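Here's the structure we're looking at; comments come further down.
Small disclaimer: the values here were computed from a predicted structure and weren't measured. Note that ligands are numbered from 1 as they come in the structure, with each ligand's atoms numbered from 1 the same way.
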Amino acid sequence: MGFTYFDHNATTPLDERVLEAMLPFLREQYGNASSRHDMGITARRAIDQAREQVAALVNVRPPQVVFTSGGTEANNLFIKGAAEILKPSQIAVSAIEHPCVARPAEALARKGWAVRKLAVTRDGQVDLIDVGAALQARTGIVSVMTANNETGVIQPVAEIAARARTAKAWMHTDAVQALGKIVVDFEALNVHAMTLSAHKIYGPKGAGALIVDKRIELAPLLAGGGHEHGLRSGTENVPAIVGFGAAAELAASRLEAFSARVGKLRASVEQGLVQQGAVIFGDRAARVPNTSYFAFEGIDGETLIIELDKLGFGVAAGAACSSTNPEPSATLLAMSVTPEIARGAVRFSLGTANTAAEVDAFLMALRQVVVRLKNLTAMTV
Ligand code: PLP
């Protein structure tokens with residue numbers, strides 16, 4: 001039996017073209033980009049090219065791209081790096097941020113910052129009225145993700161950024177789950193900083209970037225040789241950065257086709273889900289086109305994913321990073337979903353290689369599992 005992967009929000013496979021671009025830098029071109037000889041220069045040029053490719057994808061100038069080890073590091077770099085420079089005031093982050101934004105923000109409480117969580121509506125979007133209320137207090141940092149990793153709901157980042165700027169706060173967005181799925185334009189979003197990750201766009205794991213408006217100053221997390229304009233010391237991971245660049249170029253070139261294709265597939269998945277009696281979270285708001293987050297009342301999400309896994313389908317319960325955590329999804333609770341329903345949550349996320357036949361097979365398997373689990377529940381009640 002084969003395995004069909006529907007968990008692309010957790011990670012994506014490395015695209016063959018990305019691997020091809022990386023291979024020379026894993027084999028013969030192993031130079032240190034700081035070396036002055038030929039091999040060093042080759043490595044430096046490859047990094048420069050990747051910087052241009054990543055910059056082009058999000059509409060910034062190449063010097064604004066600071067390469068990091070991934071999204072987690074970029075989010076930490078912004079929040080801790082900004083807090084180091086600014087005098088303590090309020091940090092406002094949405095109630096549905098990934099833990100790598102939520103945790104560093106919460107940790108600032110120990111440094112004298114007031115930590116404010118921004119409410120979301122039942123549809124899964126940050127509530128602009130609550131943003132207005134929060135910004136009544138003196139605020140140094142605002143961070144709201146571009147699209148949520150669980151629901152896929154696109155957030156009103158530009159609107160929040162306008163309010164943050166009026167309040168003289170620095171505005172950051174974690175665009176990890178939006179990149180490659182919708183247009184992500186740093187200028188249009190009007191933010192001061194933005195987080196990206198390579199492995200969600202068919203690039204390698206362990207590569208990402210913080211995009212920074214040059215008018216703000218951040219303190220680095222790591223002190224050392226002063227790489228990446230002093231913001232991220234450490235010998236550059238050349239193959240991973242090259243892979244990130246290649247993945248960024250690929251993402252830009254296929255964005256429209258990808259979004260149209262997976263959008264159609266998701267529509268057929270959701271039609272099937274609704275027919276089978278599922279509730280779909282966030283479906284009244286604009287979402288990235290590949291994601292569907294659903295639950296069947298009375299059926300535990302964890303049980304559902306285990307049963308689907310046995311039948312050869314890979315989906316996720318809640319956020320991948322918290323899959324060992326039995327608590328219901330904080331994102332769903334923030335959307336006022338009851339804990340009973342939230343415990344049933346399953347995330348289905350499509351990728352470039354998924355087909356209509358795979359979606360049909362998934363819906364058939366799901367029907368089988370849901371009917372069996374419902375009968376079991378009926379017998380035990
Ligand atoms: N931000 C969001 C919204 C994510 O979904 C993830 C990964 O799951 C990250 C950040 C972390 O990125 P990375 O895995 O590159 O550290």
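Looking at ligand 1, you'll find an N or O of Q177 within less than 3.5 Å of one of its N or O atoms. Of the polar atoms of S197, at least one N or O is found under 3.5 Å from an N or O of ligand 1, judged by distance alone.
The contact set between ligand 1 and G71, taken as ligand atoms under 4.0 Å from a residue heavy atom, comprises 12 (O), 13 (P), 15 (O), 16 (O). Set against the non-hydrogen atoms of K200, the atoms of ligand 1 under 4.0 Å away are 5 (O), 6 (C), 7 (C), 8 (O). Close contacts of ligand 1 with M145, meaning ligand atoms under 4.0 Å from a residue heavy atom, involve 3 (C). Atoms of ligand 1 found under 4.0 Å from any heavy atom of V176, numbered from 1 in the order shown, are 1 (N), 2 (C), 4 (C), 6 (C), 10 (C). Using a 4.0 Å cut-off to heavy atoms of G70, the atoms of ligand 1 that qualify are 15 (O). Residue C100 approaches ligand 1 through these ligand atoms, each under 4.0 Å from one of its heavy atoms: 10 (C). Each of the atoms 13 (P), 14 (O), 15 (O) of ligand 1 lies under 4.0 Å from some heavy atom of H199.
Taking the charged nitrogens against the carboxylate oxygens, E20 and R17 have no contact shorter than 4.0 Å, which rules out a salt bridge.
Ranked by closest heavy atom to atom 4 (C) of ligand 1, the top entry among H98, E97, E73 is H98.
Partners of F25 under the ring-ring contact (aromatic ring centres under 6.0 Å, His included) rule, at least two apart in sequence or in another chain, do not exist in this structure. In this structure, F258 has no ring-ring contact (aromatic ring centres under 6.0 Å, His included) partners at least two apart in sequence or on a different chain.
Both the backbone and the side chain of T72 come within 4.0 Å of ligand 1, counting heavy atoms alone.
If you check the side chains of R165 and H192, you find a donor sitting under 3.5 Å from an acceptor. Between N75 and K80, the side chains place no donor N or O within less than 3.5 Å of an acceptor N or O (distance only, hydrogens not considered). Remark: the T291 side chain and the S349 side chain contain no N/O donor-acceptor pair separated by less than 3.5 Å. With no hydrogens or angles considered, no side-chain donor-acceptor pair links D174 and N149 at under 3.5 Å.
Under the 4.5 Å side-chain heavy-atom criterion for grouping Ile, Leu, Val, Met, Phe, Trp and Tyr, L376 is connected to L308 within one hydrophobic cluster.
The shortest separation from a heavy atom of G208 to ligand 1 is not under 4.0 Å, leaving the residue out of contact.
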